[in-house]
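One-based numbering along the sequence shown. Indexing begins at 1, ligand by ligand and atom by atom, following the structure's order.
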Amino acid sequence: MTPLKIAIFASGSGSNFQAIADRTADGSLPVSVELLVCDKPAAKVVERAAQAGIPSFVFSPKDYATREAYETVILEQLREHGVELVVLAGYMRLVSSMLVQAYAGRMLNIHPSLLPSFPGLNAVRQALNHGVKVTGVTVHFVDEGLDTGQIIAQRAVEVRDDDSEESLSERIHAIEYELYPYAIRLAADKLRR
Ligand code: GAR
């Protein structure tokens, strides 16, 4: 069976991109990363994709009149590369309903909190500011709301009394590198059935 074709969307460092690409390269995650979509030309993830030999579509939103305009190009790219599942991994933009509907039930996101707590930006800081003792990681399907789609997998991370945003983010990231490949595999198996 040919592996499911995925695209990863990212805006920053792309350490989740790397974790997923590494798992596909060593055969432990049976999907194929066909494309990186990145909205920040200077982001480190662009280098990571080049290193891994994965094609990328890199754009600057300011070069387009509207979100629909650049998403139309993204959609063309996804179709050209035969992408069957879209994986948002630190893509710091809202996706329009046009793109969500084109990939309904076939678009995942990872978020650094136990949703529905702390949706949106700076989830780790939100958790620290709130004083929760446990936070975590959520992988969910993307719908038209902000981090509201159906939850696929979650893992808890304990908050320590002396945690900074940096130390807590580091432990959350370590969990993400395990949880995202697991959830992608679940979603891919379901789509293949
Ligand atoms: C990850 O922690 C991810 O959960 C978060 O951005 C980080 C990206 O790190 N996503 C969100 O906050 C989405 N709202 P990475 O670029 O090193 O993979």
task: Supply the atom-to-atom distance Phe57 CZ to Asp39 CG, rounded to the nearest 0.5 angstrom.
output: 10.5 Å
query: Among protein heavy atoms, which lies nearest atom 14 (N) of ligand 1, and at what distance?
result: His111 ND1, 3.3 Å
field: Nearest neighbour of atom 15 (P) of ligand 1 from the list Ser15, Ala19, Ser169, Ala43, on a heavy-atom basis
entry: Ser15
message: Between Leu94 and Arg67, is there a side-chain heavy-atom distance shorter than 4.5 Å?
response: yes
- line: Restricting to heavy atoms, the pick from Leu179, Leu121, Asp147, Ile110 nearest atom 10 (N) of ligand 1 would be Ile110
message: Quick test: of every protein heavy atom, which one is nearest to atom 7 (C) of ligand 1, and how far off is it to 0.1 Å?
response: His173 NE2, 3.9 Å
message: For a 4.5 angstrom cut-off between non-hydrogen side-chain atoms, does Ile6 reach Val86?
response: no
CD (Glu165) with more than 12 external heavy atoms under 6.0 Å: yes
- request: Would you check whether Gln18 reaches within less than 4.0 Å of ligand 1, judged by its heavy atoms?
  value: no
task: Go through ligand 1 atom by atom and flag the ones less than 4.0 Å from a non-hydrogen atom of Gly90.
output: 6 (O), 8 (C), 10 (N)
query: Which residue owns the protein heavy atom closest to atom 16 (O) of ligand 1, what's the atom, and how far is it?
result: Gly14 N, 2.7 Å
- request: Scan side-chain atoms only and decide if Ser13 and Arg48 contain a donor-acceptor pair under the 3.5 Å cut-off.
  value: yes
task: Going by heavy-atom distance to atom 12 (O) of ligand 1, choose the closest among Ala10, Ser13, Pro112, Ala123.
output: Pro112
message: Using a 3.5 Å cut-off on N or O atoms only, is Asn109 in polar contact with ligand 1?
response: no
message: Are there over 12 heavy-atom neighbours, none belonging to Lys40, within less than 6.0 Å of that residue's NZ?
response: yes
message: List ligand 1 atoms under 4.0 Å from Glu176, heavy atoms only on the residue side.
response: 1 (C), 2 (O), 3 (C), 4 (O)
- prompt: Cut-off 3.5 Å, side chains only: do Ser32 and Glu34 have a donor facing an acceptor?
  reply: yes
message: Phe17 versus ligand 1: do any nitrogen or oxygen atoms come within less than 3.5 Å of each other?
response: no
query: Does atom CD of Glu80 have more than 12 heavy-atom neighbours from other groups under 6.0 Å away?
result: yes
